[in-house]
**Q** 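Quick one: structure below, then a few questions.
All ligand and atom numbering here is 1-based and tracks the order in the structure.
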Amino acid sequence: MSQYNQGTDCIHAGYRPQNGEPRNIPIIQSTTFRYETSQQMGALFDLEASGYFYTRLQNPTNDHVAAKIAALEGGTAAMLTSSGQAASFFAIFNICSAGDHVVASSAIYGGTYNLFAVTMKRMGISFTFVDPNCSEEELHAAFRPETRAMFGETIANPALRVLDIELYARVAHQHGVPLIIDNTFATPINCRPFEFGADIVIHSTTKYMDGHANCVGGAIVDSGKFDWTKYADKYPGLTTPDASYHGVTYTERFGIEGAYITKATVQLMRDFGCIPAPMNSYLLNVGLETLHLRVPKHCENALKVAEYVKKHPKISWVRYPGLADDPSFALAQKYLPKGSCGVVTFGVKGGRDAAEAFMGGLSLASIATHVADAKTCVLHPASTTHRQLSDVELIAAGVAPDLIRFSVGIEDAEDIIKDMEAALNNV
Ligand SMILES: *Cc1c(COP(=O)(O)O)cnc(C)c1O
């Protein structure tokens, strides 16, 4: 546990230079590390000593930044991955094999949905998707004897629905499985899912954590609280010797606080190799140093934008968890009292054509397949990421043909709204 408050941890956690050392985290741009004897290196391979030997497994720059993210979330250990997609995959695959099953909220990022429902299904891992606001009975009914995890997003991208984390955690624990939360949109500044019972947190650091659209990346953080040994038969990968890693039993050697991340590092990263470049981790850290300043500004601007579009006669609907009449407002008050995120979704009257006319009229906001960085950007899923779907299919996927995903940046709110005003006059 950090001795400092979160704003201080944004600056200092994970790296404290000693006398005469660089104040910034050094970029260790080296594939390999030199040793004097083979015995020394052998001890590292056997996990008997800690140290670096090959950057695919571990690199000091990456580790400093991972330690900062662990501190911000209040976890015991963390690892960085080359993308958020890799983090989602590792988080599940670290504890699931062919034949296993996962219960997931249906309101999740489209890329995650595809990874789970299509690609991981081909690996023999099946998923049951539940409505994030379904009843407790419906949640229980989704579990099977072979269920090994539960998954959801604090604030869903792009549905902007807030998850009842405490309820999900309670149900997951009644079935003896961990709750994995994608905390990308909320960030630990607005919500720390471990405080509500979540066991593992993942991030697409590509979004607010980097915050400047510099580099794609991901992170996995362990709360260190889920007792794998209590359900040893469900998690043999953590509780019995790993033949692929010199017979080590992760829970015995690293305890319940360290087993999950150590296995993900020495086994999954070794085999799949989705390691971030040290340069990217350095850039991510520069972003993290201002996370506590940027996130409140994104939320402040987004609320102004949401209130502006709400009363505009050309807007048909708006969703933002910070609006008092939003369906997620009550959950947002509980889990995100400081603010939710910088993304607002809405529809322009006149449907698809009006949405395209609005976006074409923007000049400050750029059209980009991105969210959650400093510059305001906007996307019309129906004509880009989801363009292969018919209007009927779009509605079934929860993406209205007129849905505009507006990612509010940290420019001056007045200028963002003026730009929207001009574009709406165009419609
Ligand atoms: C973008 C995103 C991802 C995927 O992350 P990448 O870094 O693009 O691989 C996962 N979850 C959420 C909520 C996201 O917004």
Side-chain angles (χ1 to χ4, degrees), residues 62 65-66 69 73 78-93 102 104-120 127 129 132 151-163 165 180-191 193 198 200-221 272-277 280-281 283-284 287-288 291 295 298 302 319 321 328 335-336 340-345 368-373 377-379 381 384-386 398-399 403 405-409:
N62 296 345
V65 182
I69 294 174
E73 286 286 4
M79 74 187 291
L80 299 186
T81 56
S82 54
S83 69
Q85 286 299 101
S88 301
F89 173 62
F90 276 27
I92 303 276
F93 199 67
V102 178
S105 162
S106 61
I108 52 175
Y109 172 68
T112 312
Y113 182 83
N114 200 67
L115 168 70
F116 290 175
V118 181
T119 303
M120 290 185 79
F127 291 77
F129 295 95
F151 183 95
E153 290 178 13
T154 312
I155 307 171
N157 174 14
L160 300 184
R161 290 168 74 168
V162 177
L163 195 78
I165 301 173
I180 303 171
I181 291 287
D182 181 336
N183 199 33
T184 298
F185 266 29
T187 83
I189 302 301
N190 282 345
C191 178
I200 308 289
V201 159
I202 65 155
H203 281 277
S204 166
T205 61
T206 317
K207 314 296 165 54
Y208 291 114
M209 283 193 165
D210 169 310
H212 300 79
N214 278 327
C215 44
V216 173
I220 310 175
V221 191
F272 292 103
C274 317
I275 197 85
N280 281 5
S281 300
L283 290 170
L284 168 59
L288 289 169
L291 188 67
V295 166
H298 279 289
R319 282 213 65 152
S328 281
Y335 293 107
L336 304 146
S340 50
C341 65
V343 180
V344 180
T345 59
T369 313
H370 203 243
V371 279
D373 68 64
C377 61
V378 60
L379 181 77
T384 54
T385 50
H386 294 65
V399 178
L403 182 146
R405 187 179 72 182
F406 202 85
S407 174
V408 184

**Q** Between Val343 and Asn157, is any pair of side-chain heavy atoms under 4.5 Å apart?
**A**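 Of all side-chain heavy-atom pairs linking Asn157 with Val343, none is under 4.5 Å.
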
**Q** Show the distances, to 0.1 Å, for all pairs joining an N/O atom of ligand 1 and a protein N/O atom that are shorter than 3.5 Å, listing one pair per line.
**A**
unit_1	atom_1	unit_2	atom_2	d
ligand 1	5 (O)	Ser204	OG	3.0
ligand 1	7 (O)	Gly84	N	2.9
ligand 1	7 (O)	Ser204	OG	2.8
ligand 1	7 (O)	Thr206	OG1	2.6
ligand 1	9 (O)	Gly84	N	3.0
ligand 1	9 (O)	Gln85	N	2.9
ligand 1	11 (N)	Asp182	OD2	2.7
ligand 1	15 (O)	Asn157	ND2	2.9
ligand 1	15 (O)	Lys207	NZ	2.6

**Q** Within the 4.5 Å heavy-atom criterion, are Glu73 and Pro193 side-chain neighbours or not?
**A**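 Yes, at least one pair of side-chain atoms sits under 4.5 Å.
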
**Q** For Leu291 and Tyr208, work out which heavy atoms get closest and say how close.
**A**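 That closest heavy-atom pairing would be CD1-O, 3.4 Å.
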
**Q** Aromatic rings Phe151 and Phe116: how do their planes relate, parallel, tilted or perpendicular, breaks at 30° and 60°?
**A**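 Phe151 vs Phe116 ring planes: perpendicular.
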
**Q** With Asn190, which residues qualify under side-chain hydrogen bond (donor to acceptor under 3.5 Å, both in side chains), at least two apart?
**A**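 Asn190 satisfies side-chain hydrogen bond (donor to acceptor under 3.5 Å, both in side chains) with no other residue.
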
**Q** Would you mind reporting whether Phe127 and Ile92 have side-chain heavy atoms less than 4.5 Å apart?
**A**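 Yes. Closest side-chain heavy atoms under 4.5 Å.
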
